[in-house]
Amino acid sequence: MSTPSHFGETQASEKAELPMAGGEPRAAGEQASSVGESNPIREAIGEAIEQHKVILFMKGTPEAPACGFSARTVAVLQAMEVPFAAVDVLGDPRIRQELSAISSWPTIPQLFANGELVGGCDIVTEMYESGELQEALL
């Protein structure tokens, strides 16, 4: 299986590009020059969250997690046999920056279900162990 692009998705064994408009990259911390200027990465993240019932923003891919927290979160979802999309935040630092701005959550991974942030690895693990995660993912 090939590695998805920096902003691709994985669901089961499928990989596809998420819709992203063109645009010039900005330096970290650089703001849009006008109030009405679009932010294609933020828009693509929002669309991905809306389009997928369960989506995990992680370091690496489900097949090759790049950190223990992402690996543990993937293992929980796989143990529950929950289909999910995954986005590798490592390919472009703007993804992580915009995701944290949207969610107000500073760490990765971030699990979303039904358009809402569930939490990071520790919260997902606790919810799994208590049985709450299944309800949250319905």
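All values below come from the heavy atoms of this structure, side chains included, with hydrogens, waters and symmetry mates left out. The residues of the chain are indexed from 1 along the displayed sequence.
- The line from CG of Leu111 to CE of Met127 is 8.5 Å long, rounded to the nearest 0.5 Å.
- Contacts classified as side chain to side chain donor-acceptor pair (under 3.5 Å) and involving residues 109-121 (residues at least two apart or in different chains) are given here: Ser103-Gln110.
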side-chain contact (heavy atoms from CB on, under 4.5 Å), that's the test. Do Lys59 and Arg96 meet it? Break it down for me. CA-CA 10 Å; Lys59 293 179 181 177; Arg96 186 174 182 173; 3.6 Å; yes
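- Between Ala136 and Ala113, the shortest heavy-atom distance links the atoms O-CB, 3.7 Å.
- Once rounded to the nearest 0.5 Å, the distance linking CD1 of Ile41 with CZ of Arg94 reads 3.5 Å.
- The salt bridge (charged side-chain N to carboxylate O under 4.0 Å, His left out) analysis of residues 129-138, with sequence neighbours excluded, yields no pairs.
- Within the structure, every pair that satisfies the salt bridge (charged side-chain N to carboxylate O under 4.0 Å, His left out) test and touches residues 65-87, not counting sequence neighbours, is listed here: Arg72-Asp122.
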Show your working on side-chain contact (heavy atoms from CB on, under 4.5 Å) between Leu137 and Leu77 and close with a plain yes or no. CA-CA 10 Å; Leu137 301 183; Leu77 294 171; 3.9 Å; yes
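- Note that CZ of Phe57 and OG of Ser100 are 10.5 Å apart. Values are rounded to the nearest 0.5 Å.
- Scanning all heavy atoms of the two residues, the minimum distance from Gly60 to Leu90 falls at N-CD1, 3.8 Å.
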Worked check of side-chain contact (heavy atoms from CB on, under 4.5 Å) between Thr107 and Phe69: CA-CA 10 Å; Thr107 60; Phe69 297 114; over 6 Å; no
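- Between Leu99 and Ile108 the shortest side-chain heavy-atom distance falls below 4.5 Å.
- Remark: of the listed residues Val74, Thr73, Asp88, Val87, Val74 is the sole one forming a side-chain contact (heavy atoms from CB on, under 4.5 Å) with Met58.
- Remark: Glu126 engages no residue in a side chain to side chain contact (heavy atoms under 4.5 Å, CB included) (not counting sequence neighbours).
- For residues 90-110, no residue pair satisfies the ring-ring contact (aromatic ring centres under 6.0 Å, His included) rule, not counting sequence neighbours.
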Begin from the C-alpha positions of Ile95 and Asp92 and carry the test side-chain contact (heavy atoms from CB on, under 4.5 Å) through to its verdict. CA-CA 6 Å; Ile95 297 170; Asp92 187 333; 3.9 Å; yes
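- Counting heavy atoms from C-beta on, the side chains of Leu133 and Thr125 never come closer than 4.5 Å.
- A 6.0 Å sphere centred on CD of Gln134 holds no more than 12 heavy atoms belonging to other residues, nucleotides or ligands.
- Scanning both residues, Ile55 and Ile49, for their nearest heavy atoms gives CG2-CA, 4.2 Å.
- Contacts classified as ring-ring contact (aromatic ring centres under 6.0 Å, His included) and involving residues 118-138 (residues at least two apart or in different chains) are not found.
- Glu50 contributes atom CD, which lies 7.0 Å from atom CD of Glu47 (distance to the nearest 0.5 angstrom).
- At least one side-chain heavy atom of Ser38 sits less than 4.5 Å from a side-chain heavy atom of Glu43.
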